[in-house]
Amino acid sequence: MPKKEIKKILVAGSVGQIGSELTLALRAKYGAENVVACGRKTKPSKKLKESGPFEWADVTDPEKLKTVCQKHAIDTIINMAAILSAVGEKNPQLAWHVNVTGLINTLELARELDLTQVLCPSSIAVFGAGCPRVDTPQETVLKPTTMYGVSKVTGELLCDYYVRRYGVDARGLRYPGIISAETLPGGGTTDYAVEIYYKAIEERKYTCFVKEDTRLPMMYMPDCIKGTIDLMEADFSKLDHHGDFNLGSMSFSVGELAAAIKKHIPAFEVSYEPDYRQEIADSWPQSVDDSAARREWGWTPSHNLDSMTEDMLTKLGTRHAEGRLYH
Ligand code: SER
């Protein structure tokens with residue numbers, strides 16, 4: 001299983017919301033030349049492109065992936081490439097292809113090239129009907145209603161299968177909605193929790209696509225990065241779970257989020273026009289029980305709604321004042 005120290009990491013999906021910040025954090029920790037960013041279509045930011053190696057490769061193209069891995073002597077793949085829930089409902093076949101075939105390609109490469117580790121995130125979207133929605137347990141019924149959720153349950157099972165069947169060190173964690181000030185999320189149901197901050201800064205008003213009392217588990221990006229790297233570094237022999245750790249941090253309704261922003265921007269107004277994403281949000285947990293992650297690899301989040309809100313508004317406010325809110 002764990003064979004040697006991590007030294008050459010490939011981040012697939014490095015141009016996305018999480019990948020872009022994770023790649024920079026990994027470069028700071030392991031050395032810029034040891035972290036290869038990889039993207040499929042979207043142009044990388046200047047920061048991402050100039051801070052270390054960048055390659056064009058699509059997780060659904062195994063030959064290209066293999067060439068990139070061999071060129072850079074990669075021993076660890078972090079697979080952040082995914083089609084999220086809202087876009088996935090518009091194109092379920094694409095979501096399956098990217099999220100499942102893409103993951104199998106990375107797991108197969110791990111087997112073939114004897115890589116040290118593959119990490120691929122899962123999501124709160126694995127949950128659906130039949131499980132408790134408050135403090136949703138680690139082990140419960142998994143009956144997702146979105147193709148994104150179906151693909152993520154499959155991904156968890158695949159990671160666990162490759163651990164058991166082939167001895168591949170595959171790991172994953174169920175991210176809640178991730179909130180960040182750098183790269184915008186694309187195509188998820190939890191995107192409102194990011195958009196709301198931009199609109200508060202820009203227009204002092206926001207029309208939300210889910211109802212005021214919609215409550216979901218959320219996390220601020222610094223905690224997401226910390227959790228991901230902590231899991232990468234966790235001692236494999238201490239893990240009972242592999243591809244499916246619940247990861248909790250905070251849980252709030254849109255009304256509570258708006259109230260936290262109003263403390264800083266009293267004129268801020270939110271209106272509500274729920275669309276098809278309401279049904280997706282209603283099928284997910286409101287909060288999760290992450291005691292397995294806490295017990296097996298010491299997970300502890302640092303941010304709450306108020307500390308996150310203060311930091312988000314400061315960062316976005318500064319950029320807005322400099323005329324580059326969206327970079
Ligand atoms: N943020 C994701 C989505 O909304 C959930 O993992 O699709």
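Because the structure is predicted, anything quoted here is derived from the model rather than measured. For ligands, and for the atoms within them, numbers begin at 1 and follow the listed sequence. For reference, positions follow the sequence shown, starting with 1.
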* Any pair counted as ring-ring contact (aromatic ring centres under 6.0 Å, His included), so long as it reaches residues 195-227, sequence neighbours left out -> Tyr192-Phe209, Tyr198-Tyr326, Tyr220-His303
* Among Ser123, Ala281, Ala125, whose heavy atom sits nearest atom 5 (C) of ligand 1? -> Ser123
* **Side-chain ion pair, Glu195 and Lys199, N-O less than 4.0 Å** => no
* Structure fact -> For Leu84, the atoms of ligand 1 under 4.0 Å from one of its heavy atoms are 7 (O)
* To do: Could you find the nearest protein heavy atom to atom 2 (C) of ligand 1 and give me its residue, atom name and distance?
  => Thr190 OG1, 3.9 Å
* For Ser85 and ligand 1, does the shortest N/O to N/O distance drop below 3.5 Å? -> yes
* Structure fact -> atom 4 (O) of ligand 1 has as its nearest protein heavy atom Thr189 N, 2.6 Å
* Salt bridge or not for Arg215 and Glu256, using N-O below 4.0 Å? -> yes
* Structure fact -> Hits for salt bridge (charged side-chain N to carboxylate O under 4.0 Å, His left out) against Arg204, two or more places apart or cross-chain, chain-then-number order -> none
* To do: Would you check if the distance from the ring center of Phe245 to the ring center of Trp299 is below 6.0 Å?
  => no
* Quick one: does ligand 1 sit under 4.0 Å from the side chain of Trp284, the backbone, both or neither, non-hydrogen atoms only? -> side chain
